[in-house]
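Working notes, beginning with the structure itself.
Below, read A as the first sequence line, B as the second, and so on, with proteins coming before strands; counting in each chain starts at 1.
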Amino acid sequence: MRAQKAEGTKDLIGRDMRAWQRMQRVAAEVFEPFGFEAVETPAIEQLDVFVHGIGTSTDVVRKEMFRVFSGANLARVLGEGTDACLKPKQRLALRPEGTAGVVRSVVENNLVPQGGTPFKAWYAEAMFRGERPQKGRLRQFHQVGIEWLGAPDPAADAECIIMLMELYRRLGFDLSQLRLLINSMGDPACRPAYREQVRSFILDHADEMCDECRERAEVNPLRAFDCKNDRCREVMREAPLMRDHLCDDCRDHYEQVKRYLDAAGIAYVEDPTLVRGLDYYTRTVFEVEAPGAGVGSIGGGGRYDGLVELEGGKPTPGVGFAVGFERAMLALEAFGRPLADEPAPRVYVANAGADLRGEVFGITRELRAAGIVTEADYQGRSLKSQFKQADKLGAAIVCVIGGDEMAAGAVRVRDMRSHEEELVSRDTVVEAVHARL
RNA sequence: GUGGGUGUAGCCCAGUUGGCUAGAGCGCCGGGUUGUGGUCCCGGAGGUCCAGGGUUCGAGUCCCUGUACCCACCCCA
């Protein structure tokens, strides 16, 4: 059997790879003026970084985490059926999202000392989740995102959203085709009481709801808002909303975020049932949908003022977001605006005889040294088929070197679009090509 | 974890109630007189029909098992 890729993985080749590179480039152009620097944290972390940060009630941690074991430890795990024998450092996992690892790094390196300058970083990395793959959902996928630590002001929340929408715009989205949902999840001052209300609400209506939601009541009641079951949705429509139970500080924060968004001309929809799947969020949460594109949300984020403490650091506010590369690409395609290719102009240097390949070799070196993307024949093809190949490569110019040209100390330069040809002297080839590109 | 689908040339696929020396289109390679592309014409190469087992005179076609990938549910980017 031929070798095959692992389930839920994808090779980034050609067009796909160019799109990923393009996305990283656009991300840098959008984020860096806001003061964000690129970072890369390890794809592999101690399991606890994710367990503590993302939360044990989330599906991400409960069933989607890729655990990593060395060969020797794997044998012990399989042999004894328990991971009690594993030391903490051997409890490893692949990152399922970007925030926890960055926060771990900030804590470990003390990058935001008490009251210090905020830490602002962006990343473009592969993430790993052990789910069953489907459209727009891979086991290894890519996200670009930012993390901003040490900035409690609602302007930071708003600027994150502004950057997020600007990223979409620069990727080619028509923002009127996207939907930005926002909500506030409250904070430790108001959420526990609200959470308790939702819990008892669900328990009061337990007989009308699905098994899973009854379980959610205890584990993570707010997620019942996400249930797809029609009856549950019906019931939850009457459930108390965080919006109506925010403490004064949270309400004020939320109002200010909205004012900043209004001032920036960002269109949004308030969704009081928006509940994101990671436990660390506080106050502002947001999500971007591409209605009709057939993929879920294409990005989202929010504030996580408690996360640094969960990772063992001093209390430090944080806010950030991530965009799913593959989903964003699917949405762009669905809207008929795939991320455009940017083919660099190419030059093809053709030989009219195998004995002239030494000369071709020299000319290609000169062109490449001048920064021009240059190709030639490496298969001993006829001149005719060299032209065919040049055409397939999208060459804008073909240089021909043959017996006549050699005798005249010249090179023939053909413009493939205009079909014009000129004979230029051998030592001015680079200039002649440059002039026609 | 649950359900459904698919696996035949490089690619997208056809292969009818089992009889094939396994096909089309696209792509690829070569040629269409002396050194020139995209169109057109001619020719050509290329396949352990996912794997293993079974039924049969005979299996790409039927049965079983395995495996891979895709899609959906759940959840999420």
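- Annotation: B/U16 and B/G1 have their P atoms spaced 35 Å apart (nearest Å).
- Stacking of the aromatic ring of A/Phe141 onto the base of B/A77 is found: the ring centres lie under 5.5 Å apart and the planes are inclined by under 30°.
- Applying the salt bridge (charged side-chain N to carboxylate O under 4.0 Å, His left out) criterion to A/Arg62, with sequence neighbours excluded, gives no partner residue.
- Nucleic acid contact class of A/Ala6 (heavy atoms, under 4.0 Å, all strands): sugar-phosphate only.
- What separates NZ of A/Lys135 from C1' of B/C71 is a distance of 10 Å, to the nearest Å.
- With both ends at atom P, the span from B/U67 to B/A77 equals 31 Å, rounded to whole Å.
- Taking the C1' atoms as reference points, B/A45 lies 39 Å from B/G4, given to the whole Å.
- Look at B/U6: its Watson-Crick or wobble partner, with both distances under 3.5 angstrom, is B/A68.
- For B/G52 and B/A14, the C1' atoms lie 27 Å apart once the distance is rounded to whole Å.
- Taking only side-chain atoms of A/Arg327, from C-beta outward, the nucleotide of B/A77, B/C73, B/U36 with the closest atom is B/A77.
- The listed nucleotides are B/U36, B/A77, B/G35; the one nearest the side chain of A/Ala352 is B/G35.
- Rounding to whole angstrom units, CD of residue A/Glu7 and C1' of B/G7 are separated by 15 Å.
- Nucleotide B/G43 forms a pair with B/C29, judged by Watson-Crick or G-U wobble geometry with both contacts under 3.5 Å.
- Taking atom P on both B/C12 and B/U56, the two are 37 Å apart, rounded to the nearest angstrom.
- Across every strand in view, B/C49 sits unpaired, with no contact that passes the Watson-Crick or G-U test at under 3.5 angstrom.
- When the shell of 6.0 Å around CD of A/Glu333 is examined, it contains more than 12 heavy atoms from other residues, nucleotides or ligands.
- Donor-acceptor pairing under 3.5 Å, judged by distance alone, is absent between the side chain of A/Gln386 and the base of B/U36.
- Comparing B/G35, B/C71, B/A77 against the side chain of A/Gln134 picks out B/C71 as the nearest.
- Although no hydrogens or angles enter the test, the distance criterion places a donor-acceptor pair under 3.5 Å between the side chain of A/Glu125 and the main chain of A/Thr41.
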I'd like a list of close polar pairs between nucleotides 42-46 of chain B and the protein, N/O only, cut-off under 3.5 Å.
none

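- The partner of B/C73 is B/G1, judged by Watson-Crick or G-U wobble contacts that both fall below 3.5 Å.
- With hydrogens and angles ignored, the 3.5 Å screen pairs no side-chain donor or acceptor of A/His419 with any backbone N or O of A/Asp415.
- Distance CG (A/Asp377) to C1' (B/G35): 14 Å, rounded to an integer number of Å.
- Of the P atoms belonging to B/C71 and B/G10, the separation is 23 Å, rounded to the nearest Å.
- The separation between A/Glu125 atom CD and B/A77 atom C1' is 14 Å, rounded to whole Å.
- Between B/A22 and B/A59, the two P atoms lie 13 Å apart (nearest whole Å).
- A heavy-atom distance below 4.5 Å is found between the side chains of A/Val102 and A/Tyr123.
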Collect all protein-nucleotide pairs involving nucleotides 30-34 of chain B in which both atoms are nitrogen or oxygen and the distance is under 3.5 Å.
from	atom 1	to	atom 2	distance (Å)
B/G30	OP1	A/Ser385	OG	3.4
B/G32	N7	A/Lys384	NZ	2.8

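- Looking at A/Arg195, A/Arg283, A/Arg303 one by one, the single match for salt bridge (Lys or Arg N to Asp or Glu O under 4.0 Å) with A/Asp187 turns out to be A/Arg283.
- Along RNA chain B, the nucleotide nearest A/Thr9 and the nucleotide nearest A/Gly296 are compared for position; the residue whose nucleotide lies closer to the 5' end is A/Thr9.
- Counting only distance, with no hydrogens or angles, the side chain of A/Glu326 and the backbone of A/His142 share a donor-acceptor pair below 3.5 Å.
- Contact of A/Arg129 with B/A77 (side chain to base): a donor-acceptor pair of N or O atoms is detected under 3.5 Å.
- Of the nucleotides present, none pairs with B/U56 by Watson-Crick or G-U wobble criteria with both distances under 3.5 Å.
- For A/Arg412 and B/G37, the CZ to P distance is 14 Å, given to the nearest whole Å.
- Nearer to the 5' terminus of RNA chain B, by closest-nucleotide assignment, is the contact made by A/Gln389 (compared with the other of A/Glu405 and A/Gln389).
- Side chain of A/Arg337 to backbone of A/Gly172: a donor-acceptor contact under 3.5 angstrom is found.
- On a pure distance criterion of 3.5 Å, no polar donor-acceptor pair joins the side chain of A/Glu131 and the base of B/G1.
- Here A/Gly8 lies in heavy-atom contact (under 4.0 Å) with sugar-phosphate atoms only.
- Taking atom C1' in both B/C13 and B/C49, the straight-line distance is 13 Å, to the nearest Å.
- Of all nucleotides listed (B/C75, B/U36, B/G38), B/G38 comes nearest to the side chain of A/His419.
- Shortest non-hydrogen contact noted between A/Val411 and A/Val400 is CG1-O, 3.7 Å.
- Note that OH of A/Tyr280 and CD of A/Glu311 are 10.0 Å apart. Values are rounded to the nearest 0.5 Å.
- At a cut-off of 3.5 angstrom, counting only N and O atoms as typed in the model, there is a donor on one side and an acceptor on the other between the side-chain of A/Arg137 and the base of B/C74.
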| field | Stepwise side chain to side chain donor-acceptor pair (under 3.5 Å) test for A/Glu147 and A/Thr99 | value | CA-CA 7 Å; A/Glu147 310 299 343; A/Thr99 303; 2.8 Å; yes
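- For the segment residues 58-66 of chain A, residues with any heavy atom less than 4.0 angstrom from an atom of RNA chain B are, sorted by number, A/Asp59, A/Lys63, A/Glu64.
- Looking at residues two or more places apart in sequence or on another chain, you find no ring-ring contact (aromatic ring centres under 6.0 Å, His included) involving A/His253.
- Atoms CZ (A/Arg139) and C1' (B/C71) sit 15 Å apart, rounded to a whole Å.
- Partner assigned to B/A24 is none, using Watson-Crick or G-U wobble distances below 3.5 angstrom.
- Close to B/G27, at under 4.0 Å from its OP1 or OP2, lies no side-chain N or O of A/Lys392.
- Between A/Leu393 atom CG and B/G38 atom C1' there is a gap of 13 Å when expressed in whole angstrom units.
- A 6.0 Å sphere centred on CZ of A/Arg368 holds more than 12 heavy atoms belonging to other residues, nucleotides or ligands.
- No contact: A/Glu289 has no heavy atom under 4.0 Å from any strand.
- A donor-acceptor contact shorter than 3.5 Å links the side chain of A/Asp377 to the backbone of A/Gly380.
- Whole-Å rounding puts the A/Leu383 CG to B/G37 P distance at 8 Å.
- In this structure, the ring of A/Phe31 has its center less than 6.0 angstrom from the ring center of A/Phe321.
- Annotated as syn: B/C20, whose glycosidic dihedral is within 90° of 0.
- Sorted by first and then second residue, the ring-ring contact (aromatic ring centres under 6.0 Å, His included) pairs involving residues 36-63 of chain A (not counting sequence neighbours) are A/Phe36-A/Trp148.
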